[in-house]
There are 2 protein chains.
Amino acid sequence: MTTARRPATLDDVARTAGVSRSTASRVIAGTGFASPIARERVRTAVDLLGYRPNAAARALVRGGGVRLLVAVAGTSSAVLDDNYVDQVVSGAARVCAPHGLGVAVQWVPLDTPRRLTELTDDRGVAGLILVNTITPLLDLVPPRLRGRTVSIGIGSAAVPSVDIDNGGGTDAIVRHLYASGRRRIAMVTGPPWLTCSHRSVEAYRGLLRDAGLPTREVVGDFSAARGRAAAREVLRRWPDTDAIVGISDATALGVIGRLRADGVQVPGDIAVTGFDDIPLASVTAPALTTASHPVRAIATAAATVVLEKRPVPTRTLFPSALVRRDSA
Amino acid sequence: MTTARRPATLDDVARTAGVSRSTASRVIAGTGFASPIARERVRTAVDLLGYRPNAAARALVRGGGVRLLVAVAGTSSAVLDDNYVDQVVSGAARVCAPHGLGVAVQWVPLDTPRRLTELTDDRGVAGLILVNTITPLLDLVPPRLRGRTVSIGIGSAAVPSVDIDNGGGTDAIVRHLYASGRRRIAMVTGPPWLTCSHRSVEAYRGLLRDAGLPTREVVGDFSAARGRAAAREVLRRWPDTDAIVGISDATALGVIGRLRADGVQVPGDIAVTGFDDIPLASVTAPALTTASHPVRAIATAAATVVLEKRPVPTRTLFPSALVRRDSA
DNA sequence: GTGAAAGCGCTAACAT
DNA sequence: ATGTTAGCGCTTTCAC
């Protein structure tokens, strides 16, 4: 038990283990050779002294950097005020903690993607998680960070992506709507620039086309406020709509709020669906029919990919499952 | 414009500025003396080269650490799966980013507070933000981190606290209820061990006592599920209840869900209030009457205190304002 | 006011 | 298999 004082250094460990620093370093870092005896003695010394490698020193010599950067693209820095981003950052921070790494989050202006370069020029950046990416951004990832970058959203040849299968989730939702007899189905989409939300829209279009049904699209932005406005627009343009697919749970909640204010019954007159399955989705009235979106698991996977920097598939899709509740 | 390659080091800056490393270091770190001319030349060199100090090297020599640790106390690691924690971590990460620092988050078991010591023994920890603290934890903060620790919740002589004025918020809520004619007011509290939630309960008790009204308390845990169960319990124990104060918005939503399932009108039969003013509070049906809780601002303040490590008041309370909507 | 020199704690050749 | 030797990039006495 360390009595008090200065945390133990590698030197202390080596000394008490009766080996050289190099040997101690090898067994601790798990790199290079070491005899079983040496290994054992070092191990003992380590937890006798309560030794914890100094992340800064390690990063300095290896040039590995000391924090994971979560770079979020968007039109304003307000993109950072988002529960989705919070979850990604927090999830990554959780994975990083045991590795002696931290997480930082910064906004990358959509119209000035090269701002990303300033961020990644910093030697302290050990890895990069891109959120809400667009292609120009992907191409700006510096060679130094190759293999240590992952995108939550669309990827590229050089940047693997980890994402939700929103196409599949939307597919399940629209099928459910269709199966329940809905035929005049509208959709409140995400912002057009956000490439990864296109898959949802495409799933919606594909299904309706196959069914010989016309599409009814209104642009949204994931927020409840836009959901409200979108609902009004849908009602105005297509008064006979019998279902509205929201791009997010917040959107759906906004839609429902607006509909109710207009005296429209949900799901009686119009069925409404969300996407995300936020914790509150089961508590609202009516409880939301939606599709799951395991953001936390995705963030964890993304951070893990960056930390372990071992080869990964270009694209990992987390399944999205239909969650049937009362709103549709 | 740096053309490509290896990021500039302090040596590069010194060389192009025609001064010694020491001088360059002084002007960049803003420490020590330097002639205006030297200062100027270094400045120029810095942005000519796009120089960014290497956080790891800096941390190594100064022993300052390289990441902020958010330590969250709780009964299980599930405390980390919480929107509140997410916001704190994300907010802190945002503040840290420009300083070349990262954020890590870890759980501290409530029954093994000394686990905190293992975390803070790490030289990489530049500062500490305690969340959901209890007194034993406060006393475990090592001297090394004095002045670089802040608690979101209760504090101590050695650890300043930054927190929400939940006493004030609850006060406003209960007064509002009373003013609307409610007299049989129940409360769903937070977990008893969580000291900082006591202030809410005390405000509730104080007001009711002053009004000569009996208290009706049920233990909750901030979750909607507990809110549901608590609502049932309230109804069973005090069937004539006409208002329920929830310790959080999620709690209130759970309460409302349960009440509605039982055919109870909200706010007609029973008024229900939350606490937090989450984004969805205005979208639910009925829209939630609640008290604001600027978690993000609090997290930002906490991280700032830690980073700037300048003397701060022992206790900073962020005001909580009543937000009147439809549920009460 | 400025520079020379000595590390911070660790890893990675390079011997041995 | 293990030890010796250089640094990684920066800050900071300590002389000048």
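Labels below follow one simple rule: chain letters A, B, ... track the order of the sequence lines, proteins then strands, and each chain is numbered from 1.
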message: What contact category does B:Ala59 fall into here, base, sugar-phosphate, or nothing, at under 4.0 angstrom with non-hydrogen atoms?
response: nothing
field: B:Arg58 CZ - D:dC10 P separation (whole Å)
entry: 8 Å
task: Measure the spacing between CG of B:Leu110 and CZ of B:Arg115 and express it to the nearest 0.5 Å.
output: 12.5 Å
- request: Could you state the atom-to-atom distance from CG of B:Leu49 to P of D:dG9 in whole Å?
  value: 14 Å
statement: When rounded to whole Å, the CD1 to P distance for the pair B:Ile28 and D:dC10 reads 8 Å
field: Between D:dT2 (C1') and A:Ile37 (CD1): distance, integer Å
entry: 11 Å
- prompt: Would B:Asp121 and A:Arg52 pass as an ion pair if we require N to O under 4.0 Å?
  reply: no
- prompt: Could you state the CG-P distance from A:Asp122 to D:dC10, rounded to the nearest angstrom?
  reply: 10 Å
Considering only nitrogen or oxygen atoms on both sides, find all protein atoms under 3.5 Å from nucleotides 12-16 of chain D and state each distance.
| from | atom 1 | to | atom 2 | distance (Å) |
| --- | --- | --- | --- | --- |
| D:dT12 | O4 | B:Ser22 | OG | 3.3 |

Please table the atom pairs, donor to acceptor, closer than 3.5 Å between any side-chain atom in residues 24-34 of chain A and protein atoms at least two apart or in another chain.
none

- line: Walking DNA chain C from its 5' end, the first of B:Pro36 and B:Arg123 to be reached, judged by nearest nucleotide, is B:Pro36
- line: From the list A:Val103, A:Val89, A:Val150, side chain to side chain contact (heavy atoms under 4.5 Å, CB included) with A:Ile129 holds only for A:Val150
message: So if I take residues 13-20 of chain A and measure heavy-atom distances to DNA chain D, which residues fall below 4.0 Å?
response: A:Val19, A:Ser20
message: Please check: side-chain N/O of B:Asn83 versus main-chain N/O of A:Asn83, any donor-acceptor pairing under 3.5 Å?
response: no
- prompt: Between the main-chain N or O of B:Val79 and the side-chain N or O of B:Trp107, is there a donor-acceptor pair closer than 3.5 Å?
  reply: no
- prompt: What is the distance from atom OG of A:Ser90 to atom CG of B:Asp81, rounded to the nearest 0.5 Å?
  reply: 8.5 Å
query: Contact class for A:Ala38 (heavy atom, under 4.0 Å): base, sugar-phosphate, or nothing?
result: sugar-phosphate
message: According to side-chain hydrogen bond (donor to acceptor under 3.5 Å, both in side chains), does anything in residues 136-157 of chain B pair up with another residue at least two apart or in another chain? List the pairs.
response: B:Thr133-B:Ser151
message: Quick check for you: name the first and last nucleotides of DNA chain C, 5' to 3', having an atom under 4.0 Å from a heavy atom of chain B.
response: C:dG1 to C:dG9
message: For A:Ala17 versus A:Ala45, what's the shortest heavy-atom pair and its separation?
response: CB-CB, 3.9 Å
From B:Arg67 atom CZ to B:Asp122 atom CG, the distance as rounded to the nearest 0.5 Å: 4.5 Å
- prompt: For B:Asp82, what residues pass the salt bridge (charged side-chain N to carboxylate O under 4.0 Å, His left out) criterion, not counting sequence neighbours?
  reply: none
